[in-house]
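Excluded from the calculations below are hydrogen atoms, water molecules and symmetry mates; all remaining heavy atoms, backbone and side chain alike, are included.
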Amino acid sequence: MKKILIRDLSLRDGQQSQFATRMTQAQVDRVLPFYAKAGFYACEVWGGAVPDSIMRYLNENPWERLEKIKSGIGNTSKLTSLTRGRNLFGYAPYPEDVIEGFTKNAIESGIDIVRIFDALNDIDNMKSSIKFSKQHGGIPDCAVCYTVDPKFTLADKISAFISRKKLPKNIFNINYFVDKAIELEKEGAEIITIKDMAGLIHPSTTSELIKELKKAVKIPIDLHTHDTPGYGLASIFSAIVNGVDIVDAVIMPFAGGPAAPAFELIQIFCDKLGIDTGVDLKEVANISKELREIRKELAEFDTTKMFPIEFDISNYKLETDIDNLFDKAVECAKNDNTDELLVHTQAITKYFNFPDPNQQVKDAEIPGGMYTNMVAQLKQLKLDHLMNRALKLVPKCRVDAGCPPLVTPTSQIVGSQAVNLALDEQNGKLKYSTTTTQFVNLVQGQYGKTPFPVYPKFREKICGSPEEIPYDTSKHKKQDNPLLQNLGYTKLAITEKEELLVELFPNVAVGFLTKIREKEFIKANPDVPYVDIKPKELTQEDYDNLYKENWY
């Protein structure tokens, strides 16, 4: 019997896409006994926004979350994390010792598969994470970020012709992604993921890409996509019939819309084709039931507030009309009739009460998160009327910056700069009168090599020099780890894992760890008056006095 592997994203990408990563540890704990028996190939449970968000909003320890999930699921499924290669969770690249420290500790705490991506698809930015993952016993899963070429208006083309400026054409074709996969396999990747964070991959492209990848590399191929513009389920179906090894999915109550397609719908498709997913469907039904209740508890963070219908995948019988839709989808997928396949899959998702395709995101060909960030930025400035103009300026801004794929953080950088262009235009200023630091760094080359060369005269205008200047990690300044004088001069971060939190998330980890040290101090010294003062960086005189006190 033919088999396919399923990576469940519910506890990381699913809840991040739908509920701003607000699942508490107590809520996660409720589903772990079922996941322990479900038998998914892998479960993505960590990385992305999880470490920052749970410290910032839930006052929970990211390392403890990972360790508790590992304890709860055991070895029945591989645990997966997501990081941005050399950038890990931030913008600027980190030195080797930070990358190794993070990777080693993540693997020791329970991660089996380290999914690595770079926002520019610059493989140099991924090499260290690949190396350290392998050294410490992890599986490097290297993601190539899927994107499409910018769309240009007639005015854009005329302007480029007059200025003799070359517009990018046919950059992100099939060969681009295949070549990246081949290079990553040579670097030591053990899985290649096509990471379609915006849900832009059309099923016809999926069909061709999976076929070519299967010819080009020997390691497993995974497809990761989202349902935002309405292509997700059709692309997953297309990938399955064309030989993909792994697909990413989310359990139904957390699926659809801005998240990945529902596992249950993929399972029905596989049942029709006689493909074994290896998943215990009774346990999935238990997970689904619990996640439905958890979604109700997370109502204030729910972006769509659309609950899919209640559906038990372990004991289902489809209505005739829906059953026929799946049969038609199977035939269309087999015959590469992708236009009809889309019609059927969108009818299926509508029946199960998932959100309709987001037409604005589809037309703009940008990630949903980037779109909502731009809306929020303009609303805050009370300039909502500039949204359409800002969207039209995204291709120009993107080309000027070297045509980066639109994924975190480049999607936010390009989106914010497109808003600035619209504001400059409205205020009668020259283009790029207002720039963000991140946009300047991107153009300068601080984040790595862009897919399309930045025009030297533009770089000089934005950065002051036409030359590309890569980031020099030797200039990286390690975050302070102060002694807390009001807490017996204990260090803010005591363990290596805590030091990594301060290094990677300084804006949130300092406050989070200070609260932990306060609780520890009060518990150990119940009779000592406690004064709440902020951490202070001690002077050399303070250290000398402390030394003398301890010595005598």
Side-chain angles (χ1 to χ4, degrees), residues 2-13 39-48 73 75-86 88 99 103 106-107 110-119 121-123 125-146 176-197 201 206 209-226 235-236 239-240 242-250 260-261 263 266 275 277-279 405 407:
K2 187 178 177 183
K3 294 186 178 182
I4 194 165
L5 302 176
I6 306 291
R7 182 184 328 227
D8 175 75
L9 311 175
S10 304
L11 300 183
R12 206 287 299 173
D13 196 16
F40 287 105
Y41 164 67
C43 295
E44 187 183 73
V45 298
W46 209 64
I73 294 181
N75 296 318
T76 56
S77 296
K78 298 182 188 302
L79 299 189
T80 302
S81 68
L82 176 73
T83 61
R84 300 177 198 158
R86 189 179 289 170
L88 292 175
I99 299 171
T103 305
I107 291 168
I111 290 300
D112 302 290
I113 301 173
V114 182
R115 178 174 275 176
I116 306 154
F117 78 97
D118 177 67
N121 283 332
D122 182 349
I123 291 173
N125 284 343
M126 302 169 72
K127 289 179 180 178
S128 296
S129 294
I130 296 170
K131 176 179 70 176
F132 294 131
S133 295
K134 294 176 83 73
Q135 280 183 10
H136 294 284
I139 299 169
D141 168 13
C142 294
V144 183
C145 296
Y146 181 82
Y176 171 88
F177 299 107
V178 172
D179 289 346
K180 292 290 181 184
I182 291 170
E183 191 175 348
L184 285 165
E185 185 178 37
K186 289 177 182 175
E187 288 296 331
E190 296 180 34
I191 300 171
I192 295 292
T193 293
I194 298 301
K195 178 177 167 57
D196 177 28
M197 53 284 156
I201 193 165
T206 303
L209 180 55
I210 298 300
K211 287 174 187 174
E212 293 304 314
L213 285 171
K214 292 301 294 179
K215 293 176 192 173
V217 298
K218 296 182 175 64
I219 56 179
I221 305 299
D222 185 322
L223 178 63
H224 171 98
T225 189
H226 288 242
S235 287
I236 291 285
I240 290 170
N242 284 291
V244 76
D245 301 285
I246 311 165
V247 294
D248 290 6
V250 175
F263 163 74
I266 296 169
I275 297 174
T277 62
V279 177
V407 60

**OP:** Could you check whether the rings of Phe263 and Phe40 sit parallel, tilted or perpendicular, using 30° and 60° as the cut-offs?
**Re:** perpendicular
Sequence neighbours left out, what passes salt bridge (Lys or Arg N to Asp or Glu O under 4.0 Å) with [X]? Give chain and number order.
X      : answer
Glu185 : none
Asp222 : Arg7, Arg115
Lys218 : none
Lys131 : Glu96

Taking side chain as C-beta onward, heavy atoms only, is [X] less than 4.5 Å from [Y]?
X      : Y      : answer
His226 : Asp13  : yes
Ile192 : Ile219 : yes
Ile266 : Ile240 : yes
Tyr41  : Ile113 : yes
Lys195 : Tyr146 : no
Ile4   : Val247 : yes
Pro140 : Ile116 : yes
Asp248 : Leu223 : no

Spacing of [atom1] belonging to [X] relative to [atom2] belonging to [Y], to within rounding of 0.5 Å:
X      : Y      : atom1 : atom2 : result
Ile191 : Thr193 : CD1   : OG1   : 6.5 Å
Asp112 : Ser81  : CG    : OG    : 9.5 Å
His224 : Ile201 : NE2   : CD1   : 11.5 Å
Lys3   : Ile275 : NZ    : CD1   : 12.5 Å
Lys78  : Ile111 : NZ    : CD1   : 12.0 Å
Leu209 : Ile194 : CG    : CD1   : 4.5 Å

Original post:
Between Leu11 and Cys43, does a side-chain contact (heavy atoms from CB on, under 4.5 Å) hold up when you go through it step by step?
Top reply: CA-CA 8 Å; Leu11 300 183; Cys43 295; 6.0 Å; no
Which pair of non-hydrogen atoms, one from [X] and one from [Y], has the smallest distance, and what is that distance?
X      : Y      : value
Glu190 : Gly138 : OE2-O, 4.3 Å
Leu213 : Ala181 : CD2-CB, 3.5 Å
Pro405 : Asn121 : CG-ND2, 3.8 Å

Original post:
Hey, which of Thr80, Leu79, Asp8 is the one that makes side-chain contact (heavy atoms from CB on, under 4.5 Å) with Glu44?
Top reply: Thr80
**OP:** For the pair Glu183 and Lys186, find out whether any cationic side-chain nitrogen is under 4.0 Å from an anionic carboxylate oxygen.
**Re:** no
Subject >> Candidate pair Ile123 and Leu184, rule side-chain contact (heavy atoms from CB on, under 4.5 Å), full reasoning >> reply: CA-CA 7 Å; Ile123 291 173; Leu184 285 165; 3.9 Å; yes
Subject >> With Thr225 via side-chain hydrogen bond (donor to acceptor under 3.5 Å, both in side chains) - residues at least two apart >> reply: Asp196
Subject >> By side chain to side chain contact (heavy atoms under 4.5 Å, CB included) - contacts of Thr103 (at least two apart) >> reply: Ile99, Ile107, Phe132, Ser133
